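These notes are about the structure you will find just below.
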Amino acid sequence: MAFKVKFWGVRGSIACPSPRHIGFGGNTSCVEVAAGGERIILDAGTGIRNLGEWFLKKNTPHATLLLSHTHWDHINGFPFFTPAFMPDRSFTVMAGHVGDDGGVRKVLSGQMAQPFFPVPLEAMRGALTFEDFEAGDSFSIGDRVRVRTTPLNHPNGATGYRIEHGGKAMCYITDTEHVPGKPDENILALIEGADLVIYDATYTEEEFPNKIGWGHSTWEEGVRLCQAANVRMLAIFHHDPTHDDATMEGIERAAHQRWRRAIVARENMRINLL
Ligand SMILES: [Zn+2]
Ligand SMILES: [Zn+2]
């Protein structure tokens with residue numbers, strides 16, 4: 001059965017729709033994975049709105065939403081995810097970092113509470129199930145998809161995912177900050193031998209020294225980790241909004257030169273693993 005990945009939002013921090021960002025896309029984090037007959041959504045940034053339209057068109061009845069964490073750029077699209085308002089749809093929403101903060105339902109409901117938003121979570125008429133786990137846990141989605149997780153180094157916590165099906169594996173590692181010269185052992189173990197790793201490369205190595213403590217990494221560190229862990233392909237992700245298309249093209253060239261298996265994620269890009 002198929003194992004496909006599609007990028008619906010590739011930005012970090014805040015959406016940046018502008019003529020200078022149209023090439024790589026301005027929507028924030030949202031990646032769709034279709035594997036083993038399951039639909040999985042990684043993060044609910046502004047990119048999930050277009051994914052929702054697509055789900056309506058295709059009559060997709062169910063999906064599992066895995067959240068890396070609940071900073072705005074990863075959940076702001078959720079109130080605009082139209083299928084969740086429809087009674088004939090069902091969604092499972094999972095997160096691994098807010099079990100001690102009242103759980104993922106409470107956190108998502110908080111962003112839809114007045115005076116932040118006029119429509120409460122209860123208005124979503126779909127069958128929504130909220131599940132909290134602890135980053136580091138493993139679980140299955142349906143009979144054919146296996147998920148492993150690990151905690152990431154990010155303010156307020158974040159979860160990295162490894163999704164396996166049919167002998168293939170893809171990983172979603174955002175948002176996380178590395179310690180220069182000290183590869184993250186949790187990440188290395190999670191991504192070992194993966195076919196695709198989507199990695200938080202908000203900054204370049206040149207920018208990084210001024211951003212220590214902000215919770216993000218670089219494409220150069222992504223290359224180092226993927227090479228050390230025998231990964232087949234790196235997708236540079238969570239682009240900084242200040243990086244316009246010209247900057248991103250420069251990063252793409254430099255990354256490809258450093259490692260020909262590194263690509264830069266763009267909105268609407270698809271990668272088929274099976
Ligand atoms: Zn982010
Ligand atoms: Zn974050």
Side-chain angles (χ1 to χ4, degrees), residues 5 7-17 21 24-33 41-51 65-81 93-101 103-104 106-108 110-111 116 132 134-136 149-161 171-179 184 186-187 190 197-204 207-208 210-219 221-222 225 234-244 247-248 251 264-267 269:
V5 177
F7 295 91
W8 292 88
V10 296
R11 289 285 159 185
S13 308
I14 191 164
C16 52
H21 294 81
F24 288 83
N27 280 304
T28 64
S29 304
C30 181
V31 177
E32 176 193 9
V33 178
I41 308 168
L42 292 159
D43 280 335
T46 63
I48 202 173
R49 194 183 71 82
N50 286 334
L51 172 59
L65 170 59
L66 303 176
L67 296 173
S68 64
H69 64 312
T70 43
H71 285 161
W72 282 344
D73 49 326
H74 300 259
I75 59 164
N76 257 182
F78 186 69
F80 299 90
F81 183 56
V93 182
M94 302 180 73
H97 70 297
V98 281
D100 294 336
D101 292 324
V104 63
K106 184 179 162 211
V107 174
L108 286 183
Q111 88 159 338
F116 300 113
D132 289 280
E134 205 168 309
T149 72
T150 198
L152 300 176
N153 179 30
H154 195 62
N156 314 122
T159 304
Y161 291 93
C171 301
Y172 182 71
I173 310 292
T174 199
D175 299 15
T176 197
E177 180 169 336
H178 67 281
V179 178
D184 189 316
N186 288 338
I187 295 176
L190 192 78
V197 170
I198 299 169
Y199 187 73
D200 173 357
T202 306
Y203 306 124
T204 62
E207 295 165 328
F208 185 73
N210 290 323
K211 308 287 186 182
I212 287 174
W214 292 36
H216 299 290
S217 191
T218 66
W219 66 261
E221 183 69 8
L225 288 169
L234 162 68
I236 291 165
F237 183 74
H238 200 271
H239 313 320
D240 192 291
T242 65
H243 290 173
D244 61 11
T247 309
M248 290 312 303
I251 288 173
V264 174
R266 297 168 184 251
E267 215 166 293
M269 178 187 267

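Atoms within each ligand, like the ligands themselves, are counted from 1 in listed order. On a predicted model such as this, the values are computed, not experimentally measured, just so you know.
With respect to Ser68, the side chain to side chain donor-acceptor pair (under 3.5 Å) criterion is satisfied by exactly one of Thr176, Thr174, Asp43: Asp43.
Aromatic ring pairs are classed by plane angle as parallel below 30°, tilted from 30° to 60° and perpendicular above 60°; the pair Phe24 and His239 is perpendicular.
Atoms of the protein (N, O or S only) found under 2.8 Å from the Zn ion (ligand 1) are Asp73 OD2, His74 NE2, Asp175 OD2, His238 NE2.
The shortest distance between side-chain heavy atoms of Val98 and Asp132 falls below 4.5 Å.
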Only distances under 3.5 Å count here; give the side-chain donor-acceptor pairs of residues 25-33 to other protein atoms, sequence neighbours excluded, each with its distance to 0.1 Å.
| from | atom 1 | to | atom 2 | distance (Å) |
| --- | --- | --- | --- | --- |
| Asn27 | OD1 | Thr46 | OG1 | 2.7 |
| Asn27 | ND2 | Glu267 | OE2 | 3.0 |
| Thr28 | OG1 | Thr46 | N | 2.8 |
| Thr28 | OG1 | Asp73 | O | 2.9 |
| Ser29 | OG | Arg11 | O | 3.3 |
| Glu32 | OE1 | Trp8 | NE1 | 2.9 |
| Glu32 | OE2 | Arg39 | NE | 3.1 |

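A side-chain N or O of His154 and one of His71 form a donor-acceptor pair less than 3.5 Å apart. Between the side chains of Tyr199 and Ser217, at least one donor N or O lies within less than 3.5 Å of an accepting N or O.
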